[in-house]
Amino acid sequence: MNEDPPRYDWRAIQERWSGVWEKLDPYRAGGPHEGKPKKYILDMFSYPSGDLHMGHAEAFAIGDAIARYWMLRGFDVLHPIGWDSFGLPAENAAIRKNDHPADYTHANIETQAQSFKRYAMSFDWSRRLHTSDSSYYRWTQWLFLRFYERGLAYRKASPVNWCPDDQTVLANEQVVAGKCERCGAEVTKRNLTQWFFKITDYADRLLDDMHQLEGSWPERVLLMQRNWIGRSTGAEVDFTIESAPDQPAETVTVFTTRPDTLYGATFFVVAADSPLAGQLVTPEQRAAFDAYLAQVRRLTDIERQSTDREKTGVFLGRRAVNPVNGERIAVWAADYVLADYGTGAIMAVPAHDQRDLDFARAFGLPVRRVVDSRGPDPAETGVATTGDGLLVNSGPYDGLGKDVAIARITVDLAARDTGKPAVNYRLRDWLLSRQRFWGVPIPIVHCAQCGEVPVPDDALPVVLPDLRGQDLAPRGVSPLASATDWVQVTCPRCGGPATRDTDTMDTFVDSSWYFLRYCSPTYELGPFDPEAVRAWMPVDQYVGGVEHAILHLLYSRFFTKVLFDMGLIDFAEPFLAQLNQGQVINQGKSMSKSLGNGVDLGVELDAHGVDAIRLTMLFAGPPEDDKDWADVSPTGSGKFLARAWRVWSDVGAVVPSGGAGDHDVCRGVARLVHEVTGSVEGYRFNVAIARLMELTSLLRRAIDSGPGPSDPAVREGAEWLTVQLSLFAPYAAEDGWALLGHHVEGGDVVGRATWPVVDPSLLVDEAVTCVVQVSGKVRARLQVPPGIDEGTLRGLALADEGVRRALGDRAVRTVIVRPPGLVNVVPA
RNA sequence: GGGCGAGUGGCGGAAUGGCAGACGCGCACGGUUCAGGUCCGUGUGUCCGUAAGGACGUGGGGGUUCAAGUCCCCCCUCGCCCACCA
């Protein structure tokens with residue numbers, strides 16, 4: 001009878017080891033580190049909108065490889081998982097299916113948890129958390145109250161972004177190109193009283209602390225945050241608006257980054273939709289202004305922000321007086337000036353600002369150059385000169401350069417009390433209230449006697465009422481308002497009748513502190529145990545998508561700084577290092593239902609197995625590159641795993657006795673294993689996997705046509721291959737570990753083995769191939785000892801047949817000798 | 001319009017200023033197999049050449065250097081981000 005050799009069977013392997021891991025639970029983080037150094041490796045937690053998809057598969061393969069690496073290096077690693085489980089999709093599903101959002105949420109969480117386990121994630125499952133559990137959101141409310149006490153959470157009426165489809169307000173950060181980030185509907189403005197976090201108080205620190213992150217955060221993310229915060233330094237300048245004869249004069253302040261161009265201000269513009277415009281307009285111009293304002297209000301933000309639009313505006317009938325030269329300039333209202341940036345009013349310097357120039361040309365307003373740019377006249381070319389130059393037409397400031405002029409003019413304005421240095425930010429306060437149900441209730445009570453009253457800490461959590469199905473249908477006010485029993489309360493301060501705030505918090509509030517909760521997920525005395533946070537935080541490596549570059553990452557940094565100021569933590573940046581994986585795309589395009597190019601993770605896992613998919617994700621390229629699924633080969637990954645498995649199977653469980661084994665195998669293994677370590681530390685997993693493929697081929701050759709499977713060096717190579725491959729292919733590696741004789745069921749899992757460290761003496765080359773170039777082209781290769789001296793090498797190179805042939809009859813001008821690897825002969 | 005990043009075989013991608021194309025996919029040929037697939041081996045940048053060998057070659061152009069995919073300048077193309085923020 002012919003006995004078939006054993007074969008790599010990933011299905012059987014997955015089934016076998018997932019059961020064992022479930023029992024052993026091998027990836028729990030330690031307590032106080034037992035003397036070991038710590039690493040906190042954090043994957044962005046998951047939103048439970050369905051099962052895991054291809055994007056998750058890539059991101060989590062990266063995070064898991066990093067976490068597993070540090071475990072094998074002997075660190076105490078915290079690698080937790082949880083769910084960002086409040087949010088609109090669950091609520092919309094509940095309305096559709098007439099049930100409770102929690103049902104949908106928990107079903108999806110269970111599905112994802114099972115998928116994570118199948119995907120062999122090395123999570124500490126004991127720390128799992130859900131932001132929609134009252135045991136979690138109790139502390140979200142507690143944090144809100146602390147922010148409130150410090151004046152960092154406040155309510156104000158203002159025009160806010162309104163999504164007509166989701167029937168809720170949105171934060172600035174959630175409006176992308178005038179549309180709702182989530183559903184794509186065009187966002188409109190509504191004047192509403194809403195809750196805000198005063199993130200603008202932290203603008204400077206959010207900006208300045210970024211230098212700590214340089215080098216360990218993607219440059220692109222830092223840049224996006226810088227742009228988003230948008231700090232501009234300049235001056236505020238007071239213009240007097242000439243009054244009607246019977247009225248007192250008014251002062252309107254403008255912000256400018258170019259106070260040096262003050263002499264070039266030839267008109268004055270206020271935002272058409274600001275209250276200021278309505279106050280300034282004269283009775284004669286009132287009708288024209290009202291008509292213009294109506295026209296502006298009809299525009300959507302998208303139309304309004306289109307930069308190639310013709311400039312529009314209307315004269316308000318009054319004049320402003322320039323504080324530096326007393327010049328009277330016309331006051332206009334226009335929609336190119338924004339009501340909510342700076343002071344909502346500008347001085348227009350058309351010669352040196354393109355927008356002002358476009359406006360001046362549209363309405364025939366004067367243009368005066370005050371910076372000598374030596375170019376053609378902007379009034380004629382239509383191109384404003386925005387660069388540096390010496391001042392002209394600027395009275396006492398003529399001849400000054402930009403920086404000096406800005407400093408001098410600002411000082412002089414301040415001395416006459418008509419201006420001062422000023423800083424402005426693009427960043428606005430974080431609008432956190434939402435008129436939806438499935439979120440954290442805002443723990444504030446409104447009392448006719450006492451006004452806003454915080455819910456006392458010992459009355460937390462304010463638990464959501466039990467609403468479901470049609471109770472949740474959007475009607476422009478929060479669904480919580482219809483839960484009358486829930487809304488009606490007694491005032492915690494005076495005991496009189498009061499009502500609960502019916503808004504819920506933006507889910508980004510939940511995710512702004514979850515990384516702290518993981519340190520002590522069941523702690524009852526506060527949001528986190530200070531001891532545990534001191535032990536684990538900050539996060540050493542955060543892994544997730546770049547789509548959170550300004551939302552989640554900025555908010556989390558803000559929260560961390562506030563907690564630092566409260567004295568609750570002793571660090572001001574939560575994430576020391578950040579890695580953004582690329583997207584998984586298909587045929588050059590991101591996957592979408594409408595394109596029909598979606599790839600289902602479950603189908604891929606069923607077809608190729610977990611290890612092959614993880615390996616494919618990581619081998620496809622550097623982590624931050626996009627991966628096109630049409631360009632990669634899970635089949636190839638599977639073949640590699642089968643080859644590796646056959647090596648383990650051939651080497652088997654018999655431990656050879658004594659000796660280092662075959663010298664060449666030993667050195668080859670050492671070199672490759674060493675290179676894998678370097679590649680993993682640099683997050684070049686594609687290169688690490690390439691080296692493991694080479695290692696596998698080397699061992700294959702050693703078994704078939706070298707010293708054979710029982711050589712000690714071959715065995716050691718096989719063990720190391722197993723340990724290193726376990727970062728990427730945990731199932732196959734565990735099976736290999738068992739094949740090599742380890743008692744996995746008894747707790748000797750490969751994921752808790754020791755990362756190989758090679759003897760440095762094995763990495764020193766015994767013979768080096770020296771490349772000899774003539775004029776930079778390779779003409780000969782010499783085998784030389786690594787310690788060869790310059791003179792000897794030079795002599796050998798010049799004597800070489802190939803070199804002489806290439807030189808021909810030309811004389812040698814220079815010889816560059818870089819022992820032992822390179823000689824470059826330069827002929828005359 | 002502004003900012004940032006990237007362009008390397010048929011494809012994904014390697015390469016501290018020092019042998020361009022590691023590793024893989026694909027393809028070709030050979031072996032194994034009743035056959036197909038699997039598996040094993042060999043080859044595979046382009047051009048000239050039976051071969052030995054040679055010429056060319058990292059988007060285009062210029063420069064620095066003994067030596068450039070890598071550094072500098074200009075241009076082209078693509079991608080991403082921001083976009084009337086005074």
Side-chain angles (χ1 to χ4, degrees), chain A residues 5 7 176-178 218-224 226-228 230-232 234 254-258 261 265 269 271 304-309 311 334-338 340-349 352-356 358-359 386 424-428 546 549-550 582-583 615-616 619-622 624-640 642-643 646 675 679 684 686-697 700 704 769-781 802 805-806 813-818 821-827:
Chain A
R7 295 186 49 171
V176 178
E219 193 50 46
R220 170 170 69 134
V221 172
L222 295 177
L223 192 72
M224 283 165 73
R226 265 189 210 105
N227 290 342
W228 188 259
R231 176 161 65 192
S232 305
V254 302
F255 173 73
T256 177
T257 55
R258 293 294 302 270
T261 62
V269 188
R304 184 170 165 176
Q305 285 168 6
S306 144
T307 43
D308 47 4
R309 241 178 87 233
K311 289 285 183 286
D335 66 357
Y336 82 92
V337 173
L338 307 176
D340 57 354
Y341 181 77
T343 61
I346 63 155
M347 64 175 203
V349 184
H352 308 297
D353 182 285
Q354 190 60 47
R355 297 152 300 180
D356 295 344
D358 293 343
F359 192 82
T386 54
N424 247 295
Y425 302 91
R426 217 187 78 106
L427 183 70
R428 310 294 150 87
V546 73
I550 40 184
Q583 286 199 302
L615 208 54
T616 302
F619 187 56
E624 48 286 320
D625 284 13
D626 286 351
K627 314 290 179 319
D628 195 328
W629 203 246
D631 291 337
V632 298
S633 171
T635 311
S637 302
K639 280 201 245 176
F640 162 57
R643 280 201 302 275
R646 200 153 70 85
E675 285 186 29
S679 302
R684 298 188 310 273
N686 54 332
V687 179
I689 292 165
R691 297 298 167 257
L692 291 175
M693 288 170 169
E694 289 185 71
L695 179 56
T696 303
S697 300
R700 180 79 263 146
D704 291 345
T769 305
C770 175
V771 172
V772 186
Q773 303 174 326
V774 176
S775 299
K777 287 189 200 305
V778 181
R779 297 301 178 180
R781 293 187 171 83
R805 181 151 31 93
R813 181 156 61 102
T814 324
V815 185
I816 309 285
V817 187
R818 293 277 179 277
L822 183 117
V823 177
N824 191 8
V825 180
V826 185

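So you know, we letter chains A, B, ... as the sequences are listed, proteins then strands, and number each from 1.
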Subject >> Assigned partner base of rU77(B), Watson-Crick or wobble definition, under 3.5 Å >> reply: rA6(B)
Original post:
Do you know which two heavy atoms are closest between Val687(A) and Ser679(A), and how far apart they sit?
Top reply: CG1-OG, 3.5 Å
Original post:
Aromatic rings Phe255(A) and Tyr341(A): how do their planes relate, parallel, tilted or perpendicular, breaks at 30° and 60°?
Top reply: perpendicular
Original post:
Whole-Å distance between rG5(B) C1' and Glu219(A) CD?
Top reply: 11 Å
Subject >> Exam field: side chain Asp626(A) to backbone Gly582(A), donor-acceptor pair closer than 3.5 Å >> reply: no
**OP:** Among rC40(B), rA86(B), rA55(B), find the nucleotide with the atom closest to the side chain of Arg779(A).
**Re:** rA55(B)
Original post:
Given that both distances must come in under 3.5 Å, which nucleotide forms a Watson-Crick or G-U wobble pair with rU44(B)?
Top reply: rG26(B)
**OP:** Using the closest heavy atom to pick a nucleotide of RNA chain B for each, name whichever of Met224(A) or Arg805(A) lands nearer the 5' end.
**Re:** Arg805(A)
Original post:
Across all strands shown, which nucleotide pairs with rU32(B) by Watson-Crick or G-U wobble geometry, both distances under 3.5 Å?
Top reply: none
**OP:** Pick the C1' atom in rG21(B) and in rA35(B), then give their distance to the nearest Å.
**Re:** 38 Å
Subject >> Whole-Å distance separating the NZ atom of Lys627(A) from the C1' atom of rG79(B) >> reply: 15 Å
Subject >> CG-CG distance between Asp353(A) and Asp358(A), expressed to the nearest 0.5 angstrom >> reply: 8.5 Å
Original post:
Could you give the CG-to-P distance, from Asp356(A) to rG1(B), as a whole number of Å?
Top reply: 20 Å
Original post:
Checking Lys311(A) against Phe359(A): charged group under 6.0 Å from the ring centre and within 45 degrees of the axis?
Top reply: no
Original post:
For rG9(B), does the O4'-C1'-N9-C4 (purine) or O4'-C1'-N1-C2 (pyrimidine) torsion place it in syn, i.e. within 90° of 0, or in anti?
Top reply: syn
Original post:
Considering residues at least two apart in sequence or located in another chain, which fulfil the ring-ring contact (aromatic ring centres under 6.0 Å, His included) criterion with Phe619(A)?
Top reply: none
Original post:
What's the CH2-C1' distance between Trp228(A) and rA83(B), to the nearest Å?
Top reply: 11 Å
Subject >> For the student: nearest non-hydrogen atoms of Thr261(A) and Met347(A), plus distance >> reply: OG1-CE, 3.8 Å
**OP:** Considering only atom C1', compute the distance from rU16(B) to rA68(B) and round it to an integer number of Å.
**Re:** 15 Å
Original post:
Taking the same atom, P, in rU70(B) and in rG18(B), what whole-Å distance lies between them?
Top reply: 11 Å
**OP:** Report the base-pairing partner of rC84(B) (Watson-Crick or G-U wobble, both distances below 3.5 angstrom), or none.
**Re:** none
Subject >> Base paired to rG37(B) (Watson-Crick or G-U; both N/O distances under 3.5 angstrom) >> reply: none
Original post:
Nucleotide by nucleotide, 5' to 3', does protein get under 4.0 Å of the base (B), only the sugar-phosphate (S), or neither (-) in nucleotides 10-25 of chain B, counting heavy atoms?
Top reply: -SBSSS--BB--BBSS
Subject >> Spacing of the P atoms in rA52(B) and rG62(B) (rounded, Å) >> reply: 34 Å
Original post:
Distance between the C1' atoms of rG69(B) and rG57(B), in whole angstroms?
Top reply: 11 Å
Subject >> Pairwise C1' distance, rC75(B) and rG43(B) [rounded to whole Å] >> reply: 40 Å
**OP:** Please give the nucleotide sitting opposite rU64(B) as a Watson-Crick or G-U wobble pair, both distances under 3.5 Å, or none.
**Re:** none
**OP:** Please state the C1' separation for the pair rU58(B) and rU46(B) - nearest whole angstrom.
**Re:** 13 Å
Subject >> For the student: nearest non-hydrogen atoms of Gly621(A) and Lys627(A), plus distance >> reply: O-CE, 3.8 Å
Original post:
So among Leu822(A), Val826(A), Val823(A), which one has a side chain to side chain contact (heavy atoms under 4.5 Å, CB included) with Gln773(A)?
Top reply: Leu822(A)
**OP:** Rounded off to whole Å, could you give me the CD-to-P distance for the Gln354(A) and rG1(B) pair?
**Re:** 12 Å
**OP:** Measure from CD1 on Ile550(A) to C1' on rA83(B) and round the result to the nearest Å.
**Re:** 12 Å
Original post:
Expressed in whole Å, how much space separates the P atoms belonging to rU42(B) and rC47(B)?
Top reply: 25 Å
Original post:
Does the side chain of Arg426(A) get closer than 4.0 angstrom to OP1 or OP2 of rA83(B) through an N or O atom?
Top reply: yes
Subject >> Any Tyr336(A) side-chain nitrogen or oxygen under 4.0 Å from OP1 or OP2 of rA86(B) >> reply: no
**OP:** Would you mind reading off the distance between Leu338(A) atom CG and rA86(B) atom C1', rounded to a whole angstrom?
**Re:** 9 Å
**OP:** Please state whether the phosphate of rA86(B), meaning OP1 or OP2, lies under 4.0 angstrom from any side-chain nitrogen or oxygen of Ser232(A).
**Re:** yes
**OP:** With a 3.5 angstrom cut-off on both distances, give the Watson-Crick or G-U wobble partner of rU16(B), or none if there isn't one.
**Re:** none
